[in-house]
Every structure is written in structure tokens, then in C-alpha cells.
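All values derive from a computational prediction rather than experimental measurement.
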Amino acid sequence: MILETDSYGEIEYSDQDLITFPDGVFGFPDLKRYLLLSLTEGDDSVLLMLSVDKPEIVFAIINPLFFCNDYEPSLTAAELSFLDAKDDGELSYYAICTIRSKDDYLKNTVNLKCPLVIDPVSRKGMQVILSNPAYHYRHKFSSFQAITENAGAQTEESESC
């Protein structure tokens with residue numbers, strides 16, 4: 001199939017490429033089918049999640065483990081059941097970014113409180129609200145060492161999210 005978009009041109013995809021959110025994502029309950037587009041080939045740390053149902057809706061998402069290596073979301077039994085997963089380890093997690101500044105990306109934020117959870121086998125997903133008080137709706141990019149410091153340097157601030 002071919003999806004026509006204003007921003008990304010024609011995108012060719014098959015049904016197997018789609019991620020389906022049966023309940024939609026927060027604020028977009030009617031948009032259920034998405035494509036994940038890599039910004040860099042073979043790198044899933046930052047992706048675009050493009051709605052197939054309404055292609056002008058695109059989310060910038062990150063793999064939170066790339067920026068926050070102690071990120072440990074925990075799902076309820078009902079959430080695991082919804083995804084037909086036996087445990088959290090089978091799943092992929094992504095956090096939605098809020099782009100506030102194109103000039104200074106360190107001012108942008110990421111929502112670690114409400115990750116997108118995707119079963120990579122069934123390609124079924126959902127957005128959850130985590131109960132862990134360490135995770136917030138607006139973590140600034142500047143708080144993540146992977147972005148703000150050179151590789152190899154460790155600081156106490158970057159040890160946790």
C-alpha cells in the first residue's frame with residue numbers, strides 16, 4: 001500500500017508494518033494504526049510514529065532506555081493481558097516527545113510517565129500510565145546525560161531519570 005503524506009512524500013508499507021493501538025493513544029482515540037519511521041537506518045532510539053488513519057498526525061518518540069538506562073516500567077496484569085504478553089520483558093517501550101523548541105532541543109521534554117508499550121510480535125500497542133513516582137510527564141532532554149555530555153562520562157545526575 002502507498003500512503004501519501006505532505007511532509008514525508010509517498011510511504012510504501014504493508015499490513016505487517018503497522019502498529020495497532022486498539023484504544024488509540026491519549027488524545028487520539030480514533031487513530032488506531034501507525035507506522036514507525038526511523039530517522040536513522042537501524043537506530044530505534046528516535047522514531048517518528050505516523051498515523052495511517054490521519055497522516056498529518058506524527059509523534060516523535062524515543063526508546064527511553066537509550067536516554068535513561070534505569071527506566072523500569074512495570075505493567076499491571078490487566079495491561080499485560082490486553083497485550084497478550086506473559087511479562088514486561090517481551091515488550092518494547094517508547095516515550096512521546098514534546099517539541100517546544102526547534103532551535104534548542106535540550107528545552108524539549110519527554111513523557112516517561114505514559115509510555116507507549118508495543119508487543120513486537122503481534123504489533124499491538126497501548127499507552128499506559130505508570131504508577132512509579134520517579135517518572136513524570138515532562139522530563140527535560142537536558143536532564144539526560146546521553147544527550148548533554150560526551151560519551152563515556154558519567155555523572156550522578158544521569159544515574160536516574
Side-chain angles (χ1 to χ4, degrees), residues 7 19-40 43-54 56-120 122-161:
S7 299
I19 303 294
T20 304
F21 289 84
D23 295 335
V25 296
F26 301 153
F28 301 89
D30 297 333
L31 305 181
K32 312 232 185 249
R33 301 175 310 141
Y34 292 88
L35 290 171
L36 297 183
L37 307 174
S38 294
L39 296 176
T40 305
D43 180 5
D44 75 341
S45 60
V46 180
L47 301 167
L48 296 177
M49 189 171 87
L50 173 75
S51 170
V52 173
D53 303 312
K54 194 171 184 180
E56 60 271 20
I57 303 296
V58 180
F59 297 97
I61 62 174
I62 64 165
N63 178 335
L65 293 172
F66 181 78
F67 299 102
C68 180
N69 33 348
D70 65 346
Y71 187 65
E72 294 183 4
S74 180
L75 300 184
T76 66
E79 291 164 341
L80 288 170
S81 176
F82 180 85
L83 292 167
D84 300 320
K86 292 179 183 76
D87 62 59
D88 296 9
E90 302 174 13
L91 305 171
S92 298
Y93 294 87
Y94 295 95
I96 295 178
C97 302
T98 301
I99 310 300
R100 299 186 187 286
S101 171
K102 292 180 183 178
D103 298 325
D104 184 0
Y105 70 92
L106 294 176
K107 292 182 179 177
N108 299 326
T109 61
V110 62
N111 182 345
L112 295 179
K113 184 75 168 177
C114 304
L116 302 170
V117 186
I118 299 170
D119 181 325
S122 69
R123 307 204 42 94
K124 181 179 181 181
M126 69 184 300
Q127 189 171 17
V128 299
I129 300 175
L130 300 176
S131 60
N132 187 330
Y135 304 136
H136 306 286
Y137 300 103
R138 292 186 185 101
H139 287 270
K140 285 190 177 182
F141 273 83
S142 60
S143 69
F144 299 111
Q145 180 215 350
I147 294 174
T148 59
E149 296 185 5
N150 292 330
Q154 289 283 341
T155 67
E156 213 170 288
E157 177 185 356
S158 66
E159 300 268 331
S160 66
C161 302

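A distance of 10.0 Å separates CD1 of Ile62 from CG of Asn111, quoted to the nearest 0.5 Å. Between Leu75 atom CG and Ser81 atom OG the span is 11.5 Å, to the nearest 0.5 Å. Taking SG of Cys114 as the start and CE of Met126 as the end, the distance is 11.5 Å to the nearest 0.5 Å. A distance of 10.5 Å separates CD of Glu72 from OH of Tyr93, quoted to the nearest 0.5 Å. Expressed to the nearest 0.5 Å, how far CG of Asp23 lies from NZ of Lys124 amounts to 8.5 Å. Rounding to the nearest 0.5 Å places CZ of Phe28 at 4.5 Å from CD1 of Ile57.
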Verdict with reasoning, Leu130 to Tyr71, per side-chain contact (heavy atoms from CB on, under 4.5 Å): CA-CA 11 Å; Leu130 300 176; Tyr71 187 65; 3.4 Å; yes
Intermediate values then yes/no, side-chain contact (heavy atoms from CB on, under 4.5 Å), Leu83 and Ser122: CA-CA 8 Å; Leu83 292 167; Ser122 69; over 6 Å; no
Intermediate values then yes/no, side-chain contact (heavy atoms from CB on, under 4.5 Å), Thr98 and Tyr137: CA-CA 10 Å; Thr98 301; Tyr137 300 103; over 6 Å; no
Step-by-step side-chain contact (heavy atoms from CB on, under 4.5 Å) determination, Ile118 to Phe21: CA-CA 9 Å; Ile118 299 170; Phe21 289 84; 4.2 Å; yes
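Scanning all heavy atoms of the two residues, the minimum distance from Ala60 to Leu48 falls at CA-CD2, 4.2 Å. Considering every non-hydrogen atom in both Pro22 and Gly125, the closest pair reads CD-O, 3.4 Å. In terms of heavy atoms, Asp119 sits closest to Asp84 at OD2-O, 4.3 Å.
Counting heavy atoms from C-beta on, the side chains of Leu112 and Pro64 come closer than 4.5 Å. Within the 4.5 Å cutoff, side-chain heavy atoms of Asp70 are placed close to those of Cys68. At a threshold of 4.5 Å between non-hydrogen side-chain atoms, the residues Gln127 and Ile96 count as touching. Ile19 places none of its side-chain heavy atoms less than 4.5 Å from the side chain of Tyr94. Between Asn63 and Leu65 the shortest side-chain heavy-atom distance falls below 4.5 Å.
Asp53 is linked by a side-chain contact (heavy atoms from CB on, under 4.5 Å) to Leu31, Lys32, Arg33, Ser51, counting only residues two or more places apart in sequence or in another chain. Residues that satisfy the side-chain hydrogen bond (donor to acceptor under 3.5 Å, both in side chains) test with Glu79, not counting sequence neighbours, are Thr76. Scored by the side-chain contact (heavy atoms from CB on, under 4.5 Å) test, Arg138 finds Arg100, Thr109 as partners (sequence neighbours excluded).
Ring geometry for Phe59 against Tyr34 counts as tilted: the plane angle lies between 30° and 60°, on a 0 to 90° scale.
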